[in-house]
A.B. asks: 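Submitted below is the structure of interest, expressed as structure tokens.
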2 protein chains.
Amino acid sequence: MFDSLKLYFRKLAPELSQDAWNAFQKCLTVKRYKKGETISEEGRVNNIVCFIEEGIVMVYNLIDGKKNIYNFFFEHEYTGDYESFLTRKPANYGIEAIEDTITFNLHYDGLQKMYADFPEFERVGRLVAEGQFLRLTERNASLLAEKPEDRYENLVVAKPQVAQRVPQYLIASYLGITPEALSRIRKRLVSKF
Amino acid sequence: MFDSLKLYFRKLAPELSQDAWNAFQKCLTVKRYKKGETISEEGRVNNIVCFIEEGIVMVYNLIDGKKNIYNFFFEHEYTGDYESFLTRKPANYGIEAIEDTITFNLHYDGLQKMYADFPEFERVGRLVAEGQFLRLTERNASLLAEKPEDRYENLVVAKPQVAQRVPQYLIASYLGITPEALSRIRKRLVSKF
DNA sequence: GTGCTTTATTGATCCAAATCAATGAAAAAG
DNA sequence: CTTTTTCATTGATTTGGATCAATAAAGCAC
């Protein structure tokens with residue numbers, strides 16, 4: 001059932017015991033979402049981390065009624081409003097399916113129980129948090145130092161899936177620009193070659 | 001000696017044993033840096049996390065020979081090129097003292113030994129990584145959704161110390177703009193009141 | 001399929017920041 | 001204290017993206 005997730009864990013923390021993994025499995029629930037459906041709502045405390053088995057998901061941040069795309073997540077990546085999940089404060093971020101999506105969801109209480117029952121699991125928590133941090137670091141450097149045009153070029157190279165499977169107006173939001181600006185950037189890039 | 005750091009730990013992980021704390025202390029070294037001095041160099045693997053006892057430090061990212069300020073850190077905050085520290089790859093970030101600074105430095109090997117000898121210490125690692133992540137999340141949202149002018153206004157409110165103790169051209173870099181642009185933003189803000 | 005809604009493109013205008021350049025102010029070095 | 005270097009400000013010009021508006025294309029529902 002959770003083969004892809006198990007594979008992910010094997011790589012992340014190979015020394016994790018079979019007992020811990022078995023207990024962890026029991027904390028998971030499988031969920032299916034239709035394209036456009038809300039997975040986790042902005043405004044209330046977020047209690048889940050989602051491992052995406054199939055589909056694409058976007059995480060956004062509602063500011064002045066406008067959805068700012070924080071990031072896209074694909075098959076075999078995990079996501080969630082990690083901030084709300086950790087702080088137990090109402091989420092600033094919402095999560096929505098961009099395609100029909102299947103996720104394995106881990107509930108907050110389940111994770112806390114894992115930490116309590118299997119102290120070794122703290123290590124997984126640490127590695128996951130560190131991974132999240134590293135991902136953010138890159139995005140941050142990109143937002144700080146690169147122009148929108150460079151950001152788009154790099155995105156296409158680094159995550160070609162995004163350009164292929166995600167609508168442009170969402171990519172524009174992810175890049176921090178308007179759809180019009182992205183359209184013009186694309187035009188410029190085409191005439192470059 | 002490490003009172004301020006101990007206080008920080010008490011808040012972060014109150015249940016940490018005295019044994020673990022004692023062992024941890026032994027991993028620390030005290031360092032002094034003059035204003036302008038390099039604490040950790042970009043380009044080589046970073047082996048330290050610094051807890052700042054006194055002074056201000058900046059973390060930057062060298063791109064095309066230009067220092068992009070990632071962040072400033074003050075008394076009783078910790079810093080380091082966490083990315084390089086975690087991945088064991090050459091650092092993309094350098095660290096430099098903005099004022100005369102005293103730090104308590106934790107070496108990578110010391111931390112790994114802590115994890116090995118005191119599995120409970122993984123929890124500290126997790127909480128630290130989570131804290132780093134949360135900090136970055138905010139900065140990210142700010143870079144994505146706010147205009148430089150708003151970013152500056154928010155910075156002045158949230159971290160008045162920065163505006164007071166850090167030169168403007170560094171703040172400009174932190175905001176992702178040129179010193180000229182910041183100078184004009186400040187002018188605009190003054191005439192606002 | 002037809003119509004309806006959403007998304008993408010293009011044009012025109014406006015604005016904030018980048019860039020280039022020069023001067024003034026402040027800090028560091030001697 | 002004086003000189004030198006670094007930092008901050010101001011001006012002129014350029015540029016890329018925002019905004020407003022209109023049209024074209026693609027998706028979706030019926």
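Labels below follow one simple rule: chain letters A, B, ... track the order of the sequence lines, proteins then strands, and each chain is numbered from 1.
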A.B. asks: Quick check with a 6.0 Å cut-off and a 45 degree axis cone: is B:Arg139 positioned over the face of B:Tyr174's six-membered ring?
C.D. replies: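 Verdict for B:Tyr174: a cation-pi partner in B:Arg139.
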A.B. asks: Figure out the CD/C1' separation between B:Glu37 and C:dA28, and round it to whole Å.
C.D. replies: 17 Å
A.B. asks: Checking side-chain polar atoms at under 3.5 Å, does B:Arg88 have a donor or acceptor matched by the opposite partner on B:Asn47?
C.D. replies: yes
A.B. asks: Using 4.0 Å as the upper bound for N to carboxylate O, is an ion pair formed by B:Arg126 and B:Glu122?
C.D. replies: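 So B:Glu122 does not pair with B:Arg126 through a salt bridge.
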A.B. asks: In whole angstrom, give the distance that lies between atom NZ of B:Lys35 and atom P of D:dT5.
C.D. replies: 18 Å
A.B. asks: Between A:Ser17 and A:Glu120, does any side-chain donor sit less than 3.5 Å from a side-chain acceptor?
C.D. replies: yes
A.B. asks: What's the verdict on side chain to side chain donor-acceptor pair (under 3.5 Å) for A:Asn92 and A:Glu42, showing C-alpha distance, side-chain angles and the deciding distance?
C.D. replies: CA-CA 5 Å; A:Asn92 293 314; A:Glu42 173 263 339; over 6 Å; no
A.B. asks: Any chance you could list the contact pattern along nucleotides 8-19 of chain D? Use B for base contacts, S for sugar-phosphate-only contacts and - for none, protein heavy atoms under 4.0 Å, 5' to 3'.
C.D. replies: SSBBB----SSB
A.B. asks: Hey, are A:Thr103 and A:Glu53 close enough side-chain-wise for a donor-acceptor pair under 3.5 Å?
C.D. replies: no
A.B. asks: Measure CG/A:Asp100 against P/D:dG27 and give the value in whole Å, please.
C.D. replies: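 Computing the A:Asp100:CG to D:dG27:P distance gives 16 Å.
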A.B. asks: If I take atom CD1 in residue A:Ile171 and atom C1' in nucleotide C:dT7, what distance separates them, rounded to the nearest angstrom?
C.D. replies: 12 Å
A.B. asks: Would you mind reading off the distance between B:Ile98 atom CD1 and C:dA28 atom P, rounded to a whole angstrom?
C.D. replies: 13 Å
